Amino acid sequence: MKIPQSFYLGTDVVAISKALLGKYLFTSINGIISGGYIVEAEAYNGAVDKASHAYDNRRTPRTEVMFREGGIAYVYLCYGIHEMLNIVTSTEGHAQAILIRAIHPTDGIDLIMERRKMEKLKSNITAGPGSVAKALGIDRRLNGHSLESDVLWLEDRGLNFRDEQIAAVPRIGVDYAGEDALLPYRFYVKGDPYVSKPNK
DNA sequence: TCGTCGATCTACT
DNA sequence: GTAGATCGACGAG
């Protein structure tokens, strides 16, 4: 069943990030469904987080969707090449978001391989935020889009991980954020082959 | 207006 | 291991 909007309205983005592990993420593009369950996510805590695009409540055309009410997608372009999917959380005016860094694919594998131009299923097919977006056909057209729609949505299928199966470590690629770069805001499922590279 | 750098990935040496 | 792709936000001039 689809996850209701109330799930995204919580104000503790770090706790929600952890809770997202094991939730299923799907897209239906041109009538074909693809997706899988989330195995890696990072929290970005809005105004007080130097690593966030919305640090100090910085509003630009790009960050505007993060200030909206939770339950929508924030998709932006990084390095001029890669689209990144984020889940916007919290209430209106609070720019919190969760970067989806890796999923464990379960549905539409053929389509995912086609989008990624891979002949065989390798574990890096949906490892890393740019890879996830490409694999599921997500791009900036979905920016600001509801997560309860028929194109993009999350489901709870009762898959849960125990605390000892989940690692909490510093985020990737945010060295510019000073002391905030050290916060343990990256969560992943230990041992899952689809977790992105830096995975000890 | 220009130059720099970024929540990255791939291909090639 | 490192270069190249190449857009949006930012700060300097």
Side-chain angles (χ1 to χ4, degrees), chain A residues 8 13-14 16-18 20-21 25 36 38-68 70 72-90 94-105 112-145 147 152 167-189 193-200:
Chain A
Y8 306 105
V13 68
V14 176
I16 298 175
S17 300
K18 188 173 167 186
L20 276 180
L21 298 182
L25 170 68
I38 297 166
V39 294
E40 183 179 355
E42 283 180 1
Y44 286 85
N45 193 16
V48 298
D49 182 356
K50 289 190 184 131
S52 171
H53 293 158
Y55 173 60
D56 203 23
N57 284 319
R58 182 166 60 217
R59 280 180 184 257
T60 69
R62 185 176 69 158
T63 63
E64 197 60 35
V65 289
M66 274 201 282
F67 289 88
R68 288 166 55 188
I72 59 175
Y74 167 44
V75 184
Y76 76 96
L77 189 67
C78 190
Y79 295 100
I81 310 228
H82 303 290
E83 319 270 352
M84 308 256 185
L85 171 66
N86 294 251
I87 309 279
V88 176
T89 67
S90 196
H94 298 267
Q96 300 182 344
I98 301 165
L99 175 67
I100 306 302
R101 290 193 55 88
I103 69 166
H104 186 123
I112 288 174
M113 287 195 293
E114 186 181 321
R115 290 197 186 107
R116 296 276 286 129
K117 298 194 179 5
M118 294 177 87
E119 303 285 322
K120 289 175 55 182
L121 184 61
K122 297 196 324 197
S123 63
N124 67 359
I125 193 163
T126 49
S131 300
V132 170
K134 185 158 192 196
L136 300 192
I138 292 165
D139 60 33
R140 280 166 291 168
R141 288 174 302 186
L142 292 177
N143 191 37
H145 204 271
L147 297 173
L152 174 66
V169 299
R171 292 169 291 185
I172 308 258
V174 295
D175 294 345
Y176 59 87
E179 68 272 18
D180 286 348
L182 303 175
L183 295 169
Y185 281 3
R186 173 181 176 233
F187 298 96
Y188 65 87
V189 178
Y194 293 97
V195 172
S196 70
K197 257 289 197 283
N199 173 22
K200 0 186 192 286

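Numbered from 1 within each chain, the chains take letters A, B, ... in sequence-line order. What you are looking at is a predicted structure, and each value in this text was computed from that prediction instead of being measured.
- Residues A:Val174 and A:Tyr44 form a side-chain contact, since some pair of their non-hydrogen atoms from C-beta on lies under 4.5 Å apart.
- If you check residues 41-56 of chain A against DNA chain B, the residues with a heavy atom closer than 4.0 Å are A:Tyr44, A:Ala51, A:His53, listed by number.
- Two residues are said to be in side-chain contact when any heavy atoms from C-beta on lie closer than 4.5 Å; A:Leu147 and A:Leu152 meet this criterion.
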If you look only at distance, which donor and acceptor atoms sit under 3.5 Å apart when one is on a side chain in residues 81-89 of chain A and the other is two or more places apart or in another chain?
unit_1, atom_1, unit_2, atom_2, d
A:Glu83, OE1, A:Arg140, N, 3.3
A:Glu83, OE1, A:Arg140, NE, 3.3
A:Asn86, ND2, A:Tyr74, O, 3.4

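- Applying the salt bridge (Lys or Arg N to Asp or Glu O under 4.0 Å) rule to A:Arg171 yields the partners A:Asp49; only residues at least two apart in sequence or on another chain are considered.
- With a cutoff of under 4.0 Å to any heavy atom of chain A, the contacted region of DNA chain C is bounded 5' to 3' by C:dA5 to C:dC10.
- For A:Glu64, the salt bridge (Lys or Arg N to Asp or Glu O under 4.0 Å) criterion is met by A:Arg59, not counting sequence neighbours.
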Using the 3.5 Å cut-off, write out each protein N or O paired with an N or O of nucleotides 8-13 of chain B and the distance between them.
unit_1, atom_1, unit_2, atom_2, d
B:dT8, OP1, A:Arg101, NH1, 3.3
B:dT8, O2, A:His82, NE2, 2.6
B:dC9, OP1, A:Gly128, O, 3.3
B:dC9, OP1, A:Pro129, N, 3.1
B:dC9, OP1, A:Gly130, N, 3.2
B:dC9, O4', A:His82, NE2, 3.1
B:dT10, OP1, A:Arg116, NH1, 2.6
B:dT10, OP1, A:Arg116, NH2, 2.8

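- To the nearest 0.5 Å, atoms CE (A:Met118) and CD1 (A:Ile112) are separated by 11.0 Å.
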Could you list the donor-acceptor pairs under 3.5 angstrom formed between side-chain atoms of residues 120-138 of chain A and any protein atom two or more places apart in sequence or on another chain?
unit_1, atom_1, unit_2, atom_2, d
A:Thr126, OG1, A:Ile103, O, 2.7
A:Ser131, OG, A:Arg116, NH2, 3.4
A:Ser131, OG, A:Ala127, O, 3.2

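- Results of the side-chain contact (heavy atoms from CB on, under 4.5 Å) test with A:Glu42 over A:Ile98, A:Ile172, A:Leu183 single out A:Ile172 as the only residue that passes.
- In this structure the side chain of A:Pro105 reaches within 4.5 angstrom of the side chain of A:Tyr194, judged on heavy atoms.
- Between A:Val169 and A:Tyr188, the closest side-chain pair of non-hydrogen atoms falls below 4.5 Å.
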### From CA spacing to verdict: side-chain contact (heavy atoms from CB on, under 4.5 Å), A:Ile38, A:Ile100
CA-CA 7 Å; A:Ile38 297 166; A:Ile100 306 302; 3.9 Å; yes
Dump the pairs, protein N or O against N or O of nucleotides 1-5 of chain B, anything under 3.5 Å, distances to one decimal.
none

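- Every stem involving DNA chain C, taken as at least 3 paired positions in a row under the Watson-Crick or G-U wobble test at 3.5 Å, is listed here: B:1-6 with C:7-12, B:8-12 with C:1-5.
- A:Phe187 pairs by the ring-ring contact (aromatic ring centres under 6.0 Å, His included) definition with nothing, not counting sequence neighbours.
- Checked against side chain to side chain contact (heavy atoms under 4.5 Å, CB included), A:Ala54 has the following partners two or more places apart in sequence or in another chain: A:Ser52, A:Met66, A:Phe67, A:Ala95.
- Between A:Val14 and A:Tyr185 there is a side-chain heavy-atom pair separated by less than 4.5 Å.
- Here A:Glu179 pairs with A:Lys50 under the salt bridge (Lys or Arg N to Asp or Glu O under 4.0 Å) rule; sequence neighbours left out.
- No engagement by A:Arg171 is indicated, since no non-hydrogen atom pair under 4.0 Å with the nucleic acid exists.
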